[in-house]
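Residues take their numbers from the sequence shown, with the count starting at 1. Bear in mind that the values here come from a model prediction, so they are computed numbers and not experimental data.
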Amino acid sequence: MKKKRFQQEKPGTITRLRVLARPGCRTRGVVLAPGFAAPVALGRTGIRHDKREGDGATPAGTWHPLALRWRADQGRRPATHLPLHRTRPDELWCDAPSHGRYNRPVRAPFRASHEEMWRRDHLYDLVVVLDHNQRPRRARRGSAVFMHLAREGFEPTAGCIAFRRADLMRLLARIGRRTAIVVG
């Protein structure tokens, strides 16, 4: 009889996060986990179960972090249990539903619609890539849904979950690929 192998999380790793909209304010929320709570900005149309490309909604569901992308020119290497990728100036994220690289990283030059990962507003200095619409990947079901840094005053996002830098740095040290991020 074969023994089952279970991948153990590192001690102190959060296994489950809850992302909830604040009552009466669909564009602001809170992230809750044992020993962790932080305010966040959500999509401009709130949390939706039927996510569509360009609808401005943060997709409801259970997602997992795949990797952390970080700009080395904007701060020290974050402590994290996630696979780490140093963002380069030519990196983009395809958001063109009809393109074969939809909801995937691409490099410039790239003619189809895309997000710039090296942003002047620094929102993507720290980006946690989520597994939303990854496998299976379906056209027009949403792309580039990340956890990243918030704008001043927690302005709404295009569908991501945005944090203050200090809160995201604290969270990065406690999440891994098996962390369940429950939105809604």
Side-chain angles (χ1 to χ4, degrees), residues 4-22 27-43 46-49 51 57-88 91 93 103-105 115 117-119 121-137 141-151 154 156-184:
K4 288 184 180 180
R5 287 186 179 183
F6 292 97
Q7 183 179 0
Q8 295 291 324
E9 287 292 329
K10 307 266 192 284
T13 301
I14 295 171
T15 58
R16 181 180 164 99
L17 288 172
R18 290 279 315 195
V19 180
L20 302 167
R22 287 190 178 165
T27 63
R28 291 195 183 187
V30 63
V31 172
L32 301 170
F36 183 87
V40 293
L42 301 171
I47 296 172
R48 289 187 50 185
H49 289 276
K51 173 72 180 157
T58 300
T62 300
W63 316 115
H64 296 88
L66 297 176
L68 171 65
R69 292 173 168 265
W70 124 91
R71 276 186 57 174
D73 67 319
Q74 295 299 316
R76 62 179 165 69
R77 179 186 174 126
T80 185
H81 301 291
L82 294 170
L84 192 60
H85 174 83
R86 187 178 292 183
T87 303
R88 296 174 21 162
E91 290 181 340
W93 198 274
N103 200 26
R104 297 283 188 265
E115 287 267 339
M117 298 304 291
W118 189 278
R119 293 176 60 129
D121 62 10
H122 300 287
L123 297 182
Y124 288 178
D125 287 359
L126 296 169
V127 174
V128 177
V129 178
L130 300 178
D131 66 354
H132 171 263
N133 198 23
Q134 292 283 326
R135 292 197 175 128
R137 185 172 36 137
R141 298 304 289 191
S143 64
V145 176
F146 306 131
M147 294 190 324
H148 62 74
L149 300 176
R151 287 183 174 89
F154 286 98
T157 70
C160 296
I161 302 164
F163 293 77
R164 289 185 295 221
R165 178 180 286 273
D167 292 335
L168 187 53
M169 291 291 282
R170 273 187 322 130
L171 185 61
L172 289 173
R174 298 194 54 209
I175 62 173
R177 289 195 61 172
R178 295 174 56 104
T179 301
I181 301 166
V182 182
V183 180

>> Distance check, rounded to the nearest 0.5 Å: His64 atom NE2 versus Leu82 atom CG?
In response: 12.0 Å

>> Using 30° and 60° as the class boundaries, would you call the ring planes of Phe146 and Tyr124 parallel, tilted or perpendicular?
In response: perpendicular

> Taking the side chain as C-beta and beyond, is there a heavy-atom pair between Ile161 and Val128 under 4.5 Å?
Replying inline: no

> Considering all heavy atoms of both residues, which atom of Leu126 and which atom of Pro78 are nearest to each other, and what is their separation?
Replying inline: CD2-CG, 3.6 Å

> Glu91 pairs by salt bridge (Lys or Arg N to Asp or Glu O under 4.0 Å) with which of Arg71, Arg69, Arg119?
Replying inline: Arg69

> Any sub-3.5 Å donor-acceptor pair from Thr15's side-chain atoms to Thr179's backbone N or O?
Replying inline: no

> Do Thr80 and Trp70 pass the side chain to side chain contact (heavy atoms under 4.5 Å, CB included) test, and can you show the C-alpha distance, the side-chain angles, and the key distance before you say yes or no?
Replying inline: CA-CA 11 Å; Thr80 185; Trp70 124 91; over 6 Å; no

>> Within the 4.5 Å heavy-atom criterion, are Pro59 and Arg141 side-chain neighbours or not?
In response: no

>> I need the minimum non-hydrogen distance between Lys51 and Ala158, along with the two atoms involved.
In response: NZ-O, 4.0 Å

>> Please report the interatomic distance CZ(Arg135) to CG(Leu66), rounded to the nearest 0.5 Å.
In response: 8.0 Å

> Which atom names give the shortest non-hydrogen contact between His122 and Leu149, and what distance separates them?
Replying inline: O-CD1, 3.5 Å

> Got a second to check how far Ile181's CD1 is from Thr62's OG1, nearest 0.5 Å?
Replying inline: 9.5 Å

> So, does Thr87 use its side chain to make a donor-acceptor pair with the main chain of Trp118 at under 3.5 Å?
Replying inline: no

>> Determine whether a donor-acceptor pair (N or O, by modelled atom type, separation under 3.5 Å) exists between the side chain of His132 and the backbone of Ser143.
In response: no

> Passes side chain to side chain contact (heavy atoms under 4.5 Å, CB included), Leu168 versus Leu172? Steps please.
Replying inline: CA-CA 6 Å; Leu168 187 53; Leu172 289 173; 4.3 Å; yes

> Roughly how far, to the nearest 0.5 Å, is CZ of Arg177 from OG1 of Thr13?
Replying inline: 14.0 Å

>> For a side chain to side chain contact (heavy atoms under 4.5 Å, CB included) check, start with the C-alpha distance between Leu171 and Leu17, then their side-chain angles and the critical distance, and finish with the verdict.
In response: CA-CA 10 Å; Leu171 185 61; Leu17 288 172; 3.8 Å; yes

> Which heavy atom of Gly184 sits nearest a heavy atom of Leu20, and at what distance?
Replying inline: O-CD2, 3.6 Å

>> Taking Gly159's backbone N and O only, do any of them form a donor-acceptor pair with Thr58's side chain (distance below 3.5 Å, no angle check)?
In response: yes

> When you look at Phe163 and Val31, which way does the side chain to side chain contact (heavy atoms under 4.5 Å, CB included) test go after all the steps?
Replying inline: CA-CA 9 Å; Phe163 293 77; Val31 172; 3.8 Å; yes

> What closest approach, in Å, do Thr27 and Gly43 show between heavy atoms, and which atom pair accounts for it?
Replying inline: CG2-O, 3.6 Å

> Counting only heavy atoms not in Arg137, do more than 12 fall under 6.0 Å of its CZ?
Replying inline: yes

>> Tell me the closest heavy-atom pair linking Arg16 and Pro34, and the distance in Å.
In response: O-CD, 4.2 Å

>> For Ile14, is there any backbone N or O sitting under 3.5 Å from a side-chain donor or acceptor partner on Arg178?
In response: no

> Can you find a heavy atom in the side chain of Asp167 that is under 4.5 Å from one in the side chain of Pro39?
Replying inline: yes

>> I'd like to check the side chain to side chain donor-acceptor pair (under 3.5 Å) partners of Gln74; sequence neighbours left out, ordered by chain and number.
In response: none

> Quick one: does Asn133's side chain have a donor or acceptor within less than 3.5 Å of a partner on Asn103's backbone?
Replying inline: no

>> Please report the interatomic distance CD(Gln134) to CZ(Arg104), rounded to the nearest 0.5 Å.
In response: 4.5 Å

